[in-house]
*Asks:* 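Please see the structure below; I have some questions.
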There are 2 protein chains.
Amino acid sequence: MRPDDLPEIRHLPLFQGMALENFEALMEKSYAQNFPAGLELIRQGDPADFLHVVLEGSVELYASWAGRECTMAVVRPVSTFILAACIKDAPYLMAARTLGRSRLILVPSADLRQIFRRDPEFAVSVIDELAACYRTMVRNAKSLKLRNSRERVASYLLRQSRLAGDVASYMLPVEKRLLASYLGMTPENLSRTLRTLESAGVKVDGMRVIITDRAKLNALVQPDLLIDGPDPEAISAGIGLPMINAASYRR
Amino acid sequence: MRPDDLPEIRHLPLFQGMALENFEALMEKSYAQNFPAGLELIRQGDPADFLHVVLEGSVELYASWAGRECTMAVVRPVSTFILAACIKDAPYLMAARTLGRSRLILVPSADLRQIFRRDPEFAVSVIDELAACYRTMVRNAKSLKLRNSRERVASYLLRQSRLAGDVASYMLPVEKRLLASYLGMTPENLSRTLRTLESAGVKVDGMRVIITDRAKLNALVQPDLLIDGPDPEAISAGIGLPMINAASYRR
DNA sequence: CCTCCTGATTGATAAATATCAATCATAGAA
DNA sequence: TTCTATGATTGATATTTATCAATCAGGAGG
């Protein structure tokens, strides 16, 4: 592990409250590692031996069944993922693979489980993190069940704009085919949907998104606090598709 | 609150580990109440003032947006719901209404938050519960994204049979229109789908489900541990549609 | 610079799902 | 019991979404 990794991890909401002594003990047992792009880090169903922390790069969480596959989330620095499986000592429900070259820290889940039983502050942080993850997942399910694909696309584009500071233009943080899978649709359908949204106040040219008529887009999306946020709790949850600016994840 | 309510609540995984003293203090601040059928207990967006515990009857958790509505879960005795909102002191993401006459206990979330900071055993229970809720939600989202409606119906029917002890016949625990909403489809579509499933090894006559060819149904469903369980962790989570036999929730 | 590869787009079509309207069935109320 | 209201079912149709096939576009590597 590099010396400058530690402060960054310590800064994570999950780790900043715990006793320094416990933090150091935990990091003692952990190790950092670099991975190439496209590497499968975790397979569905594997035992949850390590909590993962993304320091650099990005990681896709995905699920598969009967030969089908779908993207559940993308995790960007600095966030953790699959905390729940580690806590319960249960098999991972999702698989994970690097999207680009990535640097991760692996924290043995056995040590993790020991420490939150001894360190009440850490327990509180775990509670906060899990509650945030849960609520993010509920928002997600609501979006899937209450909105059709066009509405999901439109709300995604508008939300990303808000997360970047209500900018009128920004770059998509992921490939379109991944975005399509995350939104629960096919790439072809996303492509066509983006075209029809041009008359609804947003234009996508390659990776660039341009909000051409925010009022109109707003009227279509009907953004909902209880689906789209603002969602301060999810920022530390490492769930959902990343924001444009990784820095805003830090706080 | 009735005297015989307390042991039952104390028996819940969430409350059985905590110091008796803290449990009693918490119950001191709580109160039980009876509600008629169809009463809206919680509205989306309301501040999370109370953790709810279902003692008798059943409660539907649902979500709405843009005039649409969908069922997210049904909670049966004895389980809690909306723990995450209480923990985070954040607005409820889902609404709740009684399905039949119901008896609930309302635990003030302010007291709840105070106590898990002082009682490490309770904190651990909260962690377990939240992790279970999260994982249940992930399974749910996987089912929605990876399966079509026919597959969701078939897997639901097979899973209920397993939960009731691999019985060949059982009664649906909820109305079909609610089941349809839970599974993310229209009642009409559920009706038609049930008809087509008769050739796939399961027959539904009114509320009665009869597995006529388990092997065939299994082949269609391809039950997956990581979607359908067995899911010991969800039993205490009060998420998902109820099992046939409420008693099996207790442990 | 070109070539190749992957992802994006487009069009044509098929399949899945929803909607609308009309019964049908049933349980509870009078 | 009969009436009534609600949920379930069915058929016809419309809409949404996926699939298949064929380009198209742009970046990485030679």
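Below, chain A is the first sequence line, B the second, and so on; all start at residue 1. Atoms considered below: every heavy atom in the structure, side chains included; atoms not considered: hydrogens, waters and symmetry mates.
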*Asks:* Output the rounded distance in Å from CZ (B/Arg208) to C1' (C/dT26).
*Replies:* 17 Å
*Asks:* From D/dT10, D/dA8, D/dT17, pick the nucleotide closest to the side chain of B/Glu188?
*Replies:* D/dT10
*Asks:* Are A/Asp228 and A/Arg147 ion-paired here, with the side-chain N under 4.0 Å from a carboxylate O?
*Replies:* yes
*Asks:* Donor-acceptor pair, B/Ser79 side chain versus B/Val75 backbone, under 3.5 Å?
*Replies:* no
*Asks:* Counting only side-chain heavy atoms from C-beta out, which of C/dG7, D/dT19, C/dA18 sits nearest to B/Asn189?
*Replies:* C/dA18
*Asks:* Starting at CZ of B/Arg147 and ending at P of C/dA16, how long is that distance when rounded to a whole Å?
*Replies:* 17 Å
*Asks:* Write down the distance between CD (B/Glu175) and C1' (C/dT26), rounded to a whole number of angstrom.
*Replies:* 12 Å
*Asks:* Could you tell me the separation between the CG atom of A/Leu146 and the P atom of C/dT17, rounded to a whole number of Å?
*Replies:* 17 Å
*Asks:* Without swapping roles, check the side chain of A/Thr186 against the backbone of A/Asn189 for a donor-acceptor pair under 3.5 Å.
*Replies:* yes
*Asks:* Quickly work out the B/Leu179 CG to D/dG7 P distance and round it to whole Å.
*Replies:* 15 Å
*Asks:* Is A/Thr186 close enough to D/dA18 that one of its side-chain N or O atoms is under 4.0 Å from OP1 or OP2 there?
*Replies:* yes
*Asks:* For A/Arg192, answer base if it contacts any base atom (sugar-phosphate contacts may also be present), sugar-phosphate if it contacts only those atoms, and nothing otherwise; contact means non-hydrogen atoms under 4.0 Å.
*Replies:* base
*Asks:* Among D/dT10, C/dG7, C/dA16, which is the nearest nucleotide to the side chain of B/Asn148?
*Replies:* C/dA16
*Asks:* Picking from D/dA18, D/dA8, C/dG7, which would you name as closest to the side chain of B/Arg177?
*Replies:* D/dA8
*Asks:* C/dC24 P sits how many Å from B/Asp205 CG, rounded?
*Replies:* 18 Å
*Asks:* Within this structure, what is the CZ-to-P distance between B/Arg150 and C/dA18, rounded to whole angstrom?
*Replies:* 15 Å
*Asks:* In whole angstrom, what separates B/Leu194's CG from D/dG7's C1'?
*Replies:* 14 Å
*Asks:* Within the 4.0 Å heavy-atom criterion, would you say A/Ser149 contacts the bases, only the backbone, or no part of the nucleic acid?
*Replies:* sugar-phosphate
*Asks:* Before giving the answer on side chain to side chain contact (heavy atoms under 4.5 Å, CB included), spell out for B/Leu55 and B/Arg2 the whole-Å C-alpha distance, their side-chain angles and the decisive distance to 0.1 Å.
*Replies:* CA-CA 11 Å; B/Leu55 292 181; B/Arg2 292 190 309 223; 5.9 Å; no
*Asks:* As a test of reading the structure: which of D/dA8, C/dA8, C/dT10 is closest to the side chain of A/Arg195, going by heavy atoms?
*Replies:* C/dT10
*Asks:* Any donor-acceptor pair under 3.5 Å linking the side chain of A/Ser181 with the backbone of A/Thr71?
*Replies:* yes
